[in-house]
Student: 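Below you'll find the structure I mean.
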Amino acid sequence: MKQACFLLLEFKRKRRLRDTAFDVLMRCLADVLLPEGNIVPPSLYLAERIVQSRPPDSCAYHACPEHHKVWPHLPRRDWALHKDDRCECGAARFVTQTAAGTPCLRPAMEFWYFGVAPAIRSLFADPEWAARRKEPKDTSPGSLYGGDMCQAIDSALNGRLLTVDSSGYGLGFDFCQIFNFKPHSSGVMFLR
C-alpha cells in the first residue's frame with residue numbers, strides 16, 4: 001500500500017493537483033471504484049501518513065533510455081547542473097520538452113526504487129509479524145513451504161529451512177505494458 005500511495009502522490013505532484021481534488025480522487029478510489037473492504041486511504045492526509053510524508057522525488061532515479069546505466073539519485077534543484085550528462089552509449093540523461101511554450105527539463109527515463117531491504121527491515125520491526133514468524137510453517141500442498149522448490153531447498157540445507165528459527169521468502173515480479181501507444185512498462189515486485 002505504501003508504494004501505491006507513493007505513486008498516487010507522485011501523480012498528484014506531476015499533474016499539480018490541488019489537495020481538495022486529490023482528496024476527491026482518493027475518496028472515489030476507496031469508496032466507489034475499488035471493491036468494498038479495500039485498504040486504499042480515502043484522503044490525502046492518510047496517504048501522506050502511509051508514506052510518512054516522504055517526498056516522491058527522494059525515490060526517483062534516472063536511467064539510460066537504452067538501459068546501460070542508472071545514475072545516482074539527483075534532487076530536482078540540481079537537474080540544470082547535469083543537463084548535459086550522457087551515458088557511455090551517448091544517450092542523454094535529460095531531454096527538453098516544451099510545456100505551455102516554456103522549455104522544461106525532464107529525465108529521458110525515470111523510475112522509482114523503493115528497495116527490498118527497507119521492506120524486510122520494516123517487517124522485522126513489526127512485533128506482530130516477528131511473533132508470527134516463530135509459528136510452525138504451513139507445509140500443506142500449495143503453500144509457500146509446501147512446494148517442491150521449498151522442500152528441495154530444505155533438503156539441501158539439511159532440514160534447517162523449515163524450523164521456527166528460519167524463514168524463506170518468495171520474491172515475485174509482474175510487469176505489463178499499460179499503454180498501447182507508447183513503449184512504457186510498469187512493474188510490481190512482491191515479497192511473501
Side-chain angles (χ1 to χ4, degrees), residues 1-65 67 70-83 85 91-123 125-126 128-129 171-192:
M1 181 49 54
K2 187 173 187 176
Q3 293 174 353
C5 287
F6 203 93
L7 292 173
L8 285 165
L9 289 168
E10 176 66 7
F11 173 82
K12 175 192 180 303
R13 183 190 65 81
K14 279 190 170 180
R15 302 299 184 277
R16 298 176 189 214
L17 290 178
R18 292 179 184 227
D19 292 352
T20 53
F22 190 76
D23 268 336
V24 170
L25 173 68
M26 295 303 286
R27 176 77 56 202
C28 284
L29 279 174
D31 296 343
V32 178
L33 298 175
L34 295 175
E36 189 174 321
N38 71 76
I39 58 172
V40 171
S43 69
L44 169 63
Y45 171 75
L46 291 174
E48 287 177 335
R49 291 273 316 262
I50 287 172
V51 298
Q52 300 163 345
S53 296
R54 188 175 168 196
D57 286 341
S58 67
C59 291
Y61 291 84
H62 306 154
C64 165
H67 309 287
V70 173
W71 281 280
H73 173 73
L74 184 66
R76 185 180 290 268
R77 68 178 176 270
D78 296 334
W79 285 9
L81 300 172
H82 294 268
K83 67 180 181 187
D85 286 2
R93 180 178 188 170
F94 292 100
V95 295
T96 303
Q97 295 178 338
T98 304
T102 306
C104 299
L105 206 56
R106 298 276 181 248
M109 179 179 236
E110 187 173 32
F111 71 97
W112 293 267
Y113 174 70
F114 299 98
V116 173
I120 292 173
R121 277 195 295 276
S122 71
L123 281 175
D126 179 356
E128 181 183 346
W129 182 86
L171 190 60
F173 299 91
D174 193 10
F175 285 84
C176 65
Q177 190 163 343
I178 56 176
F179 303 110
N180 62 4
F181 58 88
K182 181 178 181 181
H184 176 83
S185 295
S186 294
V188 174
M189 184 173 78
F190 58 91
L191 180 71
R192 67 172 187 154

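A quick note: this is a predicted structure, and the numbers were derived from the prediction, not measured. Computed from heavy atoms alone, side chains included, the values below leave out hydrogens, waters and symmetry copies.
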Student: With a 4.5 Å cut-off on side-chain heavy atoms, are P41 and E48 touching?
Tutor: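 Sidechains of P41 and E48: no contact.
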
Student: Which pairs would a plain distance check flag for residues 94-107, meaning a side-chain donor or acceptor within less than 3.5 Å of a matching protein atom at least two apart in sequence or in another chain?
Tutor:
none

Student: Enter the distance from K83:NZ to W79:CH2 here, rounded to the nearest 0.5 Å.
Tutor: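 Between atom NZ of K83 and atom CH2 of W79 there are 14.5 Å.
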
Student: Test V40 against every option in L34, L46, L33 by the side-chain contact (heavy atoms from CB on, under 4.5 Å) rule and name the one that passes.
Tutor: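 Per the side-chain contact (heavy atoms from CB on, under 4.5 Å) rule, the option paired with V40 is L34, out of L34, L46, L33.
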
Student: Side chain to side chain contact (heavy atoms under 4.5 Å, CB included) for L74 and R93? Distances and angles first, verdict last.
Tutor: CA-CA 11 Å; L74 184 66; R93 180 178 188 170; 3.3 Å; yes

Student: With a cut-off of 3.5 Å and sequence neighbours excluded, list every side-chain donor-acceptor pair involving residues 16-26.
Tutor:
unit_1, atom_1, unit_2, atom_2, d
D19, OD1, K12, NZ, 3.0
D23, OD1, L44, N, 2.6

Student: Before accepting this row, confirm whether a basic side-chain N of the pair K14/E110 lies closer than 4.0 Å to the acidic partner's carboxylate O.
Tutor: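 Answer for the salt bridge query: yes.
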
Student: With sequence neighbours left out, what residues match H82 under side chain to side chain donor-acceptor pair (under 3.5 Å)?
Tutor: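 Testing H82 for side chain to side chain donor-acceptor pair (under 3.5 Å), a comparison that skips the adjacent residues, returns D85.
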
Student: What do you reckon, is CD1 of I39 surrounded by more than 12 foreign heavy atoms closer than 6.0 Å?
Tutor: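 No, not enclosed.
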
Student: To check you understand the geometry: which heavy-atom pair defines the closest contact between A63 and F111, and what is its length?
Tutor: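 Shortest heavy-atom separation between A63 and F111 comes out as CB-CE2, 4.0 Å.
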
Student: Which pair of heavy atoms, one from A47 and one from L9, lies closest together, and at what distance?
Tutor: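 Heavy-atom minimum between the residues: O-CD1, 4.0 Å.
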
Student: For a quick test of reading the model, state the closest non-hydrogen atom pair linking E128 to D126 and the distance between them.
Tutor: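 Closest heavy-atom pair between E128 and D126: N-OD1, 3.1 Å.
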
Student: Quick one: are H62 and V70 in side-chain contact, heavy atoms under 4.5 Å?
Tutor: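 Not in contact.
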
Student: Checking Y45 now: which residues fulfil ring pair (Phe, Tyr, Trp, His ring centres under 6.0 Å) with it, not counting sequence neighbours?
Tutor: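 Y45 satisfies ring pair (Phe, Tyr, Trp, His ring centres under 6.0 Å) with no other residue.
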
Student: Which pair of heavy atoms, one from C64 and one from A91, lies closest together, and at what distance?
Tutor: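 Answer, listing the atom of C64 first, then A91: SG-CB, 3.9 Å.
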
Student: Show every side-chain hydrogen bond (donor to acceptor under 3.5 Å, both in side chains) that has at least one partner inside residues 34-43, sequence neighbours left out.
Tutor: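 Applying side-chain hydrogen bond (donor to acceptor under 3.5 Å, both in side chains) to every pair that reaches into residues 34-43, excluding sequence neighbours, yields nothing.
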
Student: Suppose we screen for side chain to side chain contact (heavy atoms under 4.5 Å, CB included). Which residues come up paired with H67, at least two apart in sequence or across chains?
Tutor: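 Here the qualifying residues are M109.
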
